[in-house]
Amino acid sequence: MVRSASMPEMILDPFTARLTITLGTAKTGQECSLILASFLETLATLCDQAGPSVVGHIKALALLPRGQYIRAGVVGPSLPAEVEMMVSGSLPSCLLLTLNVLVYGLSRDILERLLREALLQLEAAGQLRITVEC
Amino acid sequence: MNLVLITGFLGSGKTTLASNLAKIGIQKGLRVAIVVNEIGEIGIDDQFMRRLGLNVWELLGGCICCTLAGSLTKTLRQLETDFAPNLVLVEPSGAADPRNVLSAVETYRGSTVESRLRIALLDPLRMKVLMAVLTPLVTSTITHADLIVINKADLASIQEIEYTRRVAGDINPAAKTIIMSAKNGLEPSFWSEVLPCLR
């Protein structure tokens, strides 16, 4: 959320991470979609709460076997994440997710900290284990 | 070769629009290439579009406008030689100022360039916020457009759409404006604007 129109010029410091998500139990694409949407919305909210900032785009992509994919993104703390997928049946037990975090006003260090915070919440809620490579 | 530049802020729907436009172009028998510039160390958009079976060339790392203008020109030249596309969709980073991107596209003197079209995508859900905080970037995006697409019509309120239409009209009254949802397919009115440039 924008604090005021007189904010000093905000810098964009792109942050990219690769997440390895190990699913504790078998999940359908729909279940994973809800988890992913919740995670991105949480991250966007944390970014908004971290200081003067504007979410540009927080986007994620998991490429799955046989041409399948899950693509998701969020563009603001008060807007729902959008998830698009081409998935049939249950997902593999391990997902590799590429995440690009493009938020004006927050440095990479802060974004990495916020990411880890969002991931902790995700792990606590969803029977998942996640490792991060930045 | 027909060049279509698709600009718009981060998350406004450029990749979705480019993908859908490319798919329709291919269905109509065109050879379609997409040049995408994504800020960040690892591209997501190009991977996604390749997963859809589209031909994608990527420019990574910086903005086309700032550091990669030369790379864009080189890529266009290589495309003409190696791929001979009828339609090239250029999707710069949403953080790029269209003025500088346009400069790279308009000064390209390829032997087969027949037309250039500049499409600007606007996100009505965030228009007020972005106009308040990133005014120069949004204004430049609107100014340097032949066709303005107010996207996400399925999600935005009437008030948000009307505000966006008003702002766009004030800044660039000459541009044609279309309201649609790129993820739900391309409106016939949109395609009719793009088709003339394809002859």
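The shown structure was predicted, so the numbers you read here are calculated from the model rather than taken from an experiment. Chain naming here is simple, since letters A, B, ... match the order of the sequence lines and numbering starts at 1 in each.
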Leading residue by heavy atom contact count with chain B [cutoff under 4.5 Å; candidates A:P14, A:G76, A:G67]: A:G67
Under 3.5 Å: donor-acceptor pair, side chain of B:R51, backbone of A:Q68: yes
Under the side chain to side chain donor-acceptor pair (under 3.5 Å) test, residues paired with A:S90 that sit two or more places apart: none
A:T42 side-chain N/O to A:S38 backbone N/O, donor-acceptor pair under 3.5 Å: yes
Portion of A:A17 that has a non-hydrogen atom of chain B nearer than 4.5 angstrom: neither
Residue pairs involving residues 71-88 of chain A (criterion salt bridge (Lys or Arg N to Asp or Glu O under 4.0 Å); sequence neighbours excluded): A:R71-A:E84, A:E82-B:K183
B:R166 and B:D170 ion-paired at < 4.0 Å: no
Per-residue contact mode, A:L61 against chain B (heavy atom under 4.5 angstrom): both
Side chain, backbone, both or neither of A:V74 within contact of chain B (heavy atoms, under 4.5 Å): neither
Greater than 12 external heavy atoms within 6.0 Å of A:R108's CZ: yes
Pair A:K59 + B:D45, salt bridge at N-O below 4.0 Å: yes
Flag, side chain of A:E41 to backbone of A:A81, donor-acceptor distance under 3.5 Å: yes
Test side-chain contact (heavy atoms from CB on, under 4.5 Å) applied to B:L76 and B:L3, step by step: CA-CA 10 Å; B:L76 290 174; B:L3 292 174; 4.0 Å; yes
Atom group of A:L97 that falls short of 4.5 Å from chain B, counting heavy atoms: neither
Side chain, backbone, both or neither of A:I58 within contact of chain B (heavy atoms, under 4.5 Å): neither
Residues of residues 6-25 of chain B contacting chain A, heavy-atom criterion under 4.5 Å, by residue number: B:F9, B:L10, B:G11, B:T15, B:T16
Presence of salt bridge, B:E162 and B:R165, under 4.0 angstrom: yes
Expected output: side-chain B:T141 to main-chain B:L137 donor-acceptor under 3.5 Å: yes
Which atoms of A:Y104 approach chain B - backbone, side chain, both or neither, heavy atom under 4.5 Å: side chain
Distance-only side-chain donor-acceptor flag, B:N37 / B:S93, under 3.5 Å: no
Backbone N/O of B:P136 and side chain of B:S140: donor-acceptor pair under 3.5 Å: no
Heavy-atom contacts under 4.5 Å, residues 150-158 of chain B to chain A: B:K152, B:L155
